[in-house]
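Take a look at the structure below.
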Amino acid sequence: MSDDPQLSGKIEALTQDAVFEDGAMVLGPAGAPETTQAILRSIDMTMLPRDMVFAVGTSFVTLAVSGKRVRHVADTSPDLMAEGLVGQPVNVDETDAVQSLATVLRALFAAEGVLTVKRQTASTALDAGTAGLGQQDLSKVLGPPPVAVTGSVSTLMGDLYEVLGGYAQIADGAITPVKGDADLAAALEALGPKWAAVSQAHMRLRGTAADSIVTLDGVLPGGSLAHFVSLKGAQVVMATAEGSLPEVALAWARAAR
């Protein structure tokens, strides 16, 4: 392998086993630093005029790329609210267009899911000049690589270690204590009917099993707070110390992003 980091990265990209979904190459989890680097590499390896469609689910931005440089935005999904940027040249000296492009890309990176890229024949003629943004220009515009956010029940409870008194898993509607003293375990198990009522009310209001946390006071011994949590497909009921609601709110905000 070459000692040149850029050359080594290109060789690795060419030789790795790529994964494809519906004709698009999977780059990785949206927001992960390595995925952002994969985007920059894929642009840097595109010499011939191409439309490169970067997508996360139904959100997408199509970049017109030629000569290893982004020339303009060819299309975007409505949710990115960047229709005014379509067709605008993106050069280093076009400050407003460049910053708008960076905003659109960051919004796409922030979407939850897997980011893919699909190369298509260029929809418009692109000259062979040096206008546009290359890999280094884009890297500067985007700033520091984004930090991947990986919320989960385990990380939520890890953040609450100092105030967590116990927890129980919820599976098939039943509460099964797995941590905590005997009195607390019995109290958590007794919350089964309340969990069923909360779950049904949530489904009536939201119509979906979205991430949620519902806090109850006065149902556990010692003034502990009870929290019904649904996060990333996992469900638990947690007990935290009396007066710990601020810590729970902060940990939930981090985990549910």
Closest contact, heavy atoms only, [X] versus [Y]:
X: A168; Y: I175; value: CB-CG2, 3.5 Å
X: G166; Y: L188; value: C-CD1, 4.3 Å
X: V73; Y: L63; value: CG2-CD2, 3.9 Å
X: D51; Y: T62; value: CB-CG2, 3.8 Å
X: F54; Y: L108; value: O-CD2, 3.6 Å
X: W252; Y: S212; value: CH2-O, 3.4 Å

Common cluster, [X]/[Y], ILVMFWY with side-chain heavy-atom separation under 4.5 Å:
X: V104; Y: L133; answer: yes
X: F60; Y: V65; answer: no
X: L184; Y: V219; answer: yes
X: L245; Y: L250; answer: no
X: L80; Y: V53; answer: no

Would you check if [X] and [Y] make a side-chain contact, meaning some heavy-atom pair closer than 4.5 Å?
X: L225; Y: V163; result: no
X: P89; Y: H72; result: no
X: F109; Y: I39; result: yes
X: T58; Y: S77; result: no

Between S59 and D79: side-chain donor-acceptor atoms closer than 3.5 Å
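Short answer, yes.
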Rounded distance (nearest 0.5 Å) linking atom [atom1] of [X] with atom [atom2] of [Y]:
X: L191; Y: L220; atom1: CG; atom2: CG; answer: 5.5 Å
X: T215; Y: M238; atom1: OG1; atom2: CE; answer: 7.5 Å
X: K68; Y: M45; atom1: NZ; atom2: CE; answer: 10.0 Å
X: Q37; Y: D44; atom1: CD; atom2: CG; answer: 11.0 Å
X: D75; Y: Q120; atom1: CG; atom2: CD; answer: 9.5 Å
X: T46; Y: M52; atom1: OG1; atom2: CE; answer: 4.0 Å

Verify, without hydrogens or angle tests, whether [X] (side chain) and [Y] (backbone) share a donor-acceptor contact under 3.5 angstrom.
X: R71; Y: S66; result: yes
X: T35; Y: P29; result: yes
X: T103; Y: Q99; result: yes

Determine, step by step, whether L138 and L101 satisfy the side chain to side chain contact (heavy atoms under 4.5 Å, CB included) criterion, reporting the C-alpha distance in whole Å, the side-chain angles of both residues, the deciding distance to 0.1 Å, and the verdict.
CA-CA 10 Å; L138 280 169; L101 172 61; 4.1 Å; yes
Please test R119 against S42 for side chain to side chain contact (heavy atoms under 4.5 Å, CB included), starting from the C-alpha separation and ending with a verdict.
CA-CA 10 Å; R119 289 180 173 84; S42 67; 3.6 Å; yes
Checking side chain to side chain contact (heavy atoms under 4.5 Å, CB included) for the pair Q135/I43: CA distance, chi angles, key distance, verdict?
CA-CA 7 Å; Q135 182 181 30; I43 291 170; over 6 Å; no
